[in-house]
Amino acid sequence: MVAAAKRLRIGSRLPAQIALAPALLIALVLYCGTTSWTVWISLTSSRMLPNSVFVGLRQYDVLANNDRWLASIANIATFGALFMTAALTIGFLLAAMIDQKVRAESLLRSVFLYPFSMSFIVTGLAWRWMLDPTLGFEKLLHDIGFADAHFDWIVRPDRVIYTLVIASVWHAAGLVMAIMLAGLRGVDREIWNAARVDGLPTWRIFVFIIIPMMRGSFATACVLLATSVVKLYDLSVAMTNGGPGIASEVPAKFVMDYLFERGNLALATAAATTMLITVVVVVAPWYHWQGRKARMAGIA
Amino acid sequence: MIRSATALAGILTLLATTAHAQAPSATPARAEVIHWWTSAGESASLKVFADAFTKAGGTWVDNAIAGGANARAAAINRTVGGDPPTAMQFNTGKQFDDLVENNLLANVDALAKAENWAAVMPPPILAAVTRDGHQYAVPVNIHGQNWFFFSNPALARAGATSPQNWTDLFTVLDKLKAAGITPLAFSGQKTWERGLFNTTLVGVGGADMFARFWGKRDVAMLKTAEFRKVIDTYRKLHAYVDAGSPGRNWNDATTLVIQGKAGMQVMGDWAKGEFTAAGQIAGKDYGCTVLSDSGTSYLMGGDVFAFPKPKNAEVARAQSIMEKAMTDPATQAAFSAKKGSIPARQDADVSGLDECARKAHGWLQDVKAQVPANELLSPPAVTGAIEDLVSQFWNDPSMTPEVLTAKIGAVFSQSF
């Protein structure tokens with residue numbers, strides 16, 4: 001009886017498995033194949049073309065002593081923390097504001113979402129011009145009479161990374177707003193009514209009832225924002241080209257520059273492998289935790 | 001099932017016939033050329049080669065890819081993958097070393113001998129395409145990298161004249177500053193920070209020091225007082241750039257000189273394209289010179305075309321026609337007139353070139369003035385590592401010359 005049921009289950013799954021096989025094969029070859037190739041090249045002495053001269057972890061040693069790589073790591077950490085916090089906060093506040101049944105809601109929604117339709121290259125160039133002290137805001141302030149006004153962050157090595165944060169928050173806040181708005185609209189009106197009957201102030205309803213109910217929206221937004229942190233490349237290229245000096249270099253740009261312009265495959269792949277390991281180290285515990293939660297829910 | 005099998009067979013037949021129709025036999029001497037000359041001036045100059053090739057009986061299939069690194073990556077990937085273009089552009093230097101080592105390029109020895117390149121090209125340019133006694137690329141032009149371009153009206157307003165040496169230079173820069181003009185139009189990107197460093201290195205330190213730095217990577221030289229003077233001069237220049245310089249494009253810096261808002265720019269001779277496009281004339285609206293404290297030193301880079309090993313006789317024929325067309329002195333002169341460079345062949349007629357190019361051609365008749373550029377001496381990996389350090393030093397006033405020298409020494413001692 002049990003065996004028959006099992007057979008039946010396998011039987012009913014077989015077509016699905018056959019249908020998925022090509023996709024699975026492509027994923028295996030593309031992801032696992034290219035990833036292992038990348039890891040292998042990082043252990044060789046490859047220059048412009050790949051070779052198979054094994055040199056162990058020498059590239060990683062070079063990487064650990066490379067000022068530009070270390071600056072890239074520090075930059076992406078600063079950028080990631082500030083960008084995610086600011087984008088989530090501003091996105092949520094925008095959504096909460098629009099959710100108050102304001103007039104011209106659809107117009108505001110489009111306005112806030114508009115930056116997200118811009119490519120990073122366009123975003124970067126526009127912000128670069130606006131922040132350029134001889135063309136943008138600073139010059140405008142000088143021209144209207146504030147001769148002492150200073151906003152030259154983009155040309156200051158110790159401040160330039162914050163200008164990348166400003167531009168990318170401007171770019172992403174609208175998307176976060178859209179996700180949060182969907183989450184807010186998903187909250188049953190009865191819950192609002194019940195909380196109001198209890199006489200809770202609005203901010204407490206948000207903090208203690210609504211936000212915990214919107215875990216899904218926050219998780220979605222976090223995943224999307226986190227991927228854009230890891231792959232941050234084109235904004236840095238368009239806005240500052242990594243400069244002044246190496247002050248706004250990021251890991252993905254390091255990999256691209258060493259792959260192509262500098263003909264140093266081994267060091268580029270060592271950097272890429274380091275990025276991969278970092279992401280896995282961050283994501284694995286979270287994944288594990290999610291899996292456990294799902295299993296617990298299954299048992300309950 | 002049967003129907004889909006028939007459809008599949010139909011598609012396969014279609015593919016087969018299309019492939020057959022594209023077989024090369026139909027078009028004689030067809031050549032696909034990968035290059036990165038996409039701007040108006042650049043494509044106009046490339047057209048000189050395309051026209052010469054067409055006239056010699058070929059069909060030029062243009063494959064322009066914006067951005068040097070992108071174009072080279074595409075050309076190299078295709079060559080390694082077994083589907084090479086007929087010809088591909090490189091900068092004069094070491095960019096095609098790996099292709100030669102992996103036996104992927106055809107040599108042009110026969111042409112080099114027939115046209116007697118050894119007699120008509122500057123030795124560093126010939127050496128840059130020669131590996132183990134074989135020539136692997138056709139040099140088409142020479143770009144000078146250490147030019148100073150002056151705005152004549154700006155100099156006049158500041159009451160200054162074109163400087164003759166590096167001491168003069170700082171007097172002129174001070175006068176410009178006092179007159180409220182941005183003295184040095186600068187584009188603060190890593191490449192140009194290295195470019196200005198190279199100009200200082202060869203101008204203040206001399207041709208010999210330049211070769212010891214990029215060629216021999218001589219750690220002992222880094223500790224000399226003469227090298228220290230180069231670093232100090234480089235840092236001193238930072239006081240003469242404007243606040244908007246970080247991240248600026250080189251052609252935007254040229255525009256500042258063209259408009260007379262800045263006094264001068266240090267750039268390669270490709271900047272002349274911008275002056276020409278703005279209707280300015282060398283010697284009248286703008287001045288050009290090379291400053292060196294110990295005899296004229298002209299930093300020579302340029303462009304070459306390399307030819308992947310041909311897959312059949314048809315491709316080989318197209319390549320040989322193209323090599324010959326690109327080596328022709330009249331074609332090289334016509335090309336350089338549009339490109340702003342000078343011909344790689346010194347026997348070409350330069351009377352049609354602008355004043356700066358004619359000056360450069362004159363200097364190059366003295367072998368001592370022929371200094372091979374950075375790219376001819378060091379592989380991209382070394383150049384990149386030094387470039388990062390120079391760029392850090394330029395942008396971070398707290399980084400001392402001692403730290404810079406120590407870090408450069410560490411790069412020199414690494415095996416690349």
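Computed from a prediction, not measured in an experiment: that's the story for all the values here. Naming: A, B, ... by sequence-line order, numbering from 1 per chain.
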Other residues, nucleotides and ligands only: do more than 12 of their heavy atoms fall within 6.0 Å of CG on B:D83?
yes

Could you give me the CA-CA distance, side-chain angles and deciding distance for A:D67 and B:K407, then say whether side-chain contact (heavy atoms from CB on, under 4.5 Å) is met?
CA-CA 10 Å; A:D67 281 356; B:K407 282 178 189 273; 2.5 Å; yes

A:F151, CZ: over 12 other non-hydrogen atoms inside 6.0 angstrom:
yes

Which one of B:I76, B:L389, B:N70 has the most heavy-atom pairs closer than 4.5 Å to chain A?
B:I76

Residue, of A:D132, A:L267, A:I246, that accumulates the most heavy atom pairs under 4.5 Å with chain B:
A:I246

Tell me which of these, B:G67, B:G244, B:S245, B:G68, has more heavy-atom pairs under 4.5 Å with chain A than the rest.
B:G244

Side chain / backbone / both / neither for A:P244 at chain B, heavy atoms under 4.5 Å
both

Rounded distance (nearest 0.5 Å) linking atom CD of A:E249 with atom CG of B:D388:
6.5 Å

Side chain of A:R262, backbone of B:G384: donor and acceptor closer than 3.5 Å?
yes

Is it the case that over 12 heavy atoms from other parts of the model lie below 6.0 angstrom from the NZ atom of A:K139?
no

Is chain B contacted by the side chain of A:R156, its backbone, both, or neither, given a heavy-atom distance below 4.5 Å?
neither

Is it the side chain or the backbone of B:D396 that comes within 4.5 Å of chain A heavy atoms, both, or neither?
neither

Do other residues, nucleotides or ligands put more than 12 heavy atoms under 6.0 Å from the OH atom of A:Y114?
no

Could you tell me the separation between the CD atom of B:Q392 and the CZ atom of A:R68, rounded to the nearest 0.5 Å?
10.0 Å

Under a 4.5 Å cut-off applied to non-hydrogen side-chain atoms, are A:L49 and B:E101 in contact?
no

Is chain B contacted by the side chain of A:D152, its backbone, both, or neither, given a heavy-atom distance below 4.5 Å?
neither

Ranking A:A247, A:G245, A:G263, A:P50 by heavy-atom pairs under 4.5 Å to chain B gives rank one to A:G245

For side-chain contact (heavy atoms from CB on, under 4.5 Å), just list the numbers for A:R47 and B:D97, CA-CA rounded to whole Å, side-chain angles, deciding distance to a tenth of an Å, and then say yes or no.
CA-CA 10 Å; A:R47 287 282 158 237; B:D97 273 13; over 6 Å; no

Hey, which residues of residues 18-42 of chain A are touching chain B, say heavy atoms under 4.5 Å apart?
none

Over 12 foreign heavy atoms within 6.0 Å of OH, A:Y60:
yes

B:E387 versus chain A, the contacting section by heavy-atom distance below 4.5 Å
side chain

Between A:V62 and chain B, with a heavy-atom cut-off of 4.5 Å, which part of the residue counts as in contact: side chain, backbone, both or neither?
side chain

How far does OG1 of A:T134 sit from CG of B:L256, to the nearest 0.5 angstrom?
8.0 Å

